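As the structure is a computational prediction, the values presented were derived from the model and not from experiment.
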Amino acid sequence: MKNLKNNLSERDTLINKNLGDWLRKERKKSYIEVDGKKKPITQSMVAKKLGVTFQQVQKYEKGDNTIPIFRWFALCDYFKRISYFRRSN
């Protein structure tokens, strides 16, 4: 079986990098409040929310791995960006 990463087009690789950049930026600008103090959201926190390892989140952020659409929606929901995808009738 061929490695899927080697079969990605240049455009698909660029998309993965751009989505990874978005994920990293959203994570780094987001905070949670614990005991009255703002704490940055870590890769481990995101990983727990997605049900993956923090190493997988690292790969998503670097653009090495493609983010599955169901995890993409979970990320948008986690960072409160899902409204873009929802349309009212």
Side-chain angles (χ1 to χ4, degrees):
M1 184 172 182
K2 287 186 177 180
N3 184 345
L4 181 60
K5 186 175 177 182
N6 294 335
N7 290 333
L8 291 178
S9 70
E10 195 173 312
R11 186 191 72 158
D12 291 341
T13 301
L14 182 60
I15 289 169
N16 284 347
K17 296 264 185 219
N18 287 332
L19 293 177
D21 287 343
W22 177 89
L23 172 55
R24 186 179 315 102
K25 287 175 186 173
E26 286 297 314
R27 182 179 60 78
K28 290 196 176 247
K29 73 180 183 182
S30 299
Y31 293 87
I32 59 169
E33 201 162 312
V34 178
D35 298 328
K37 296 180 181 178
K38 287 172 81 173
K39 301 229 178 200
I41 293 180
T42 65
Q43 289 177 334
S44 294
M45 291 174 183
V46 174
K48 186 174 182 180
K49 181 71 174 175
L50 295 179
V52 299
T53 64
F54 80 90
Q55 291 96 334
Q56 184 64 26
V57 174
Q58 285 177 330
K59 291 176 184 179
Y60 291 156
E61 288 186 356
K62 286 196 282 185
D64 289 343
N65 287 8
T66 302
I67 302 172
I69 191 70
F70 67 95
R71 288 209 172 102
W72 181 249
F73 278 102
L75 285 167
C76 290
D77 191 39
Y78 186 62
F79 293 115
K80 313 263 188 291
R81 300 288 183 250
I82 197 80
S83 61
Y84 174 80
F85 296 104
R86 295 192 184 187
R87 296 178 186 237
S88 58
N89 293 334

| message | Would a single hydrophobic cluster contain both F73 and L19, if residues Ile, Leu, Val, Met, Phe, Trp and Tyr are joined by side-chain heavy-atom contacts under 4.5 Å? | response |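 Looking at the clustering, F73 is in the same group as L19.
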If I take atom [atom1] from residue [X] and atom [atom2] from residue [Y], how far apart are they, to the nearest 0.5 angstrom?
X	Y	atom1	atom2	answer
T13	N18	OG1	CG	11.0 Å
K25	F79	NZ	CZ	13.5 Å
Q55	D64	CD	CG	13.0 Å
Q56	I67	CD	CD1	9.0 Å

| query | Minimum heavy-atom separation for Q43 to Q58, with atom names? | reply |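 Heavy atoms of Q43 and Q58 come nearest at OE1-CG, 3.1 Å.
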| query | Where is the tightest heavy-atom contact between L75 and L50, given as atom of each residue plus distance? | reply |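 What the structure gives for the nearest pair is CD2-CD1, 3.8 Å.
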| request: Mind checking side-chain contact (heavy atoms from CB on, under 4.5 Å) for K39 and listing every partner two or more places apart, or none if nothing turns up? | output: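 Only I32, V34 meet the side-chain contact (heavy atoms from CB on, under 4.5 Å) criterion with K39.
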| field | Stepwise side chain to side chain contact (heavy atoms under 4.5 Å, CB included) check, Y78 with M45 | value | CA-CA 10 Å; Y78 186 62; M45 291 174 183; 3.9 Å; yes
| request: Indicate the ring-plane relationship of W72 and W22, choosing parallel, tilted or perpendicular according to the 30° and 60° boundaries. | output: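 The arrangement is tilted - the two ring planes meet at 30° to 60°.
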| said: Using the rule given for side chain to side chain contact (heavy atoms under 4.5 Å, CB included), can you reason through Y60 versus V46, listing the C-alpha separation, both sets of side-chain angles and the distance that settles it, and then say yes or no? | reply: CA-CA 11 Å; Y60 291 156; V46 174; over 6 Å; no
| said: I want to check something: taking the side chain as every heavy atom from C-beta on, are R71 and V52 in contact at a cut-off of under 4.5 Å? | reply: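 They are in contact (side-chain heavy atoms under 4.5 Å apart), so the answer is yes.
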| said: side chain to side chain contact (heavy atoms under 4.5 Å, CB included) for I15 and E10? Distances and angles first, verdict last. | reply: CA-CA 9 Å; I15 289 169; E10 195 173 312; over 6 Å; no
| message | Once side-chain hydrogen bond (donor to acceptor under 3.5 Å, both in side chains) is applied, what residue pairs with a partner in residues 28-37 remain, sequence neighbours excluded? | response |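 Listed once each, the pairs are E26-K29.
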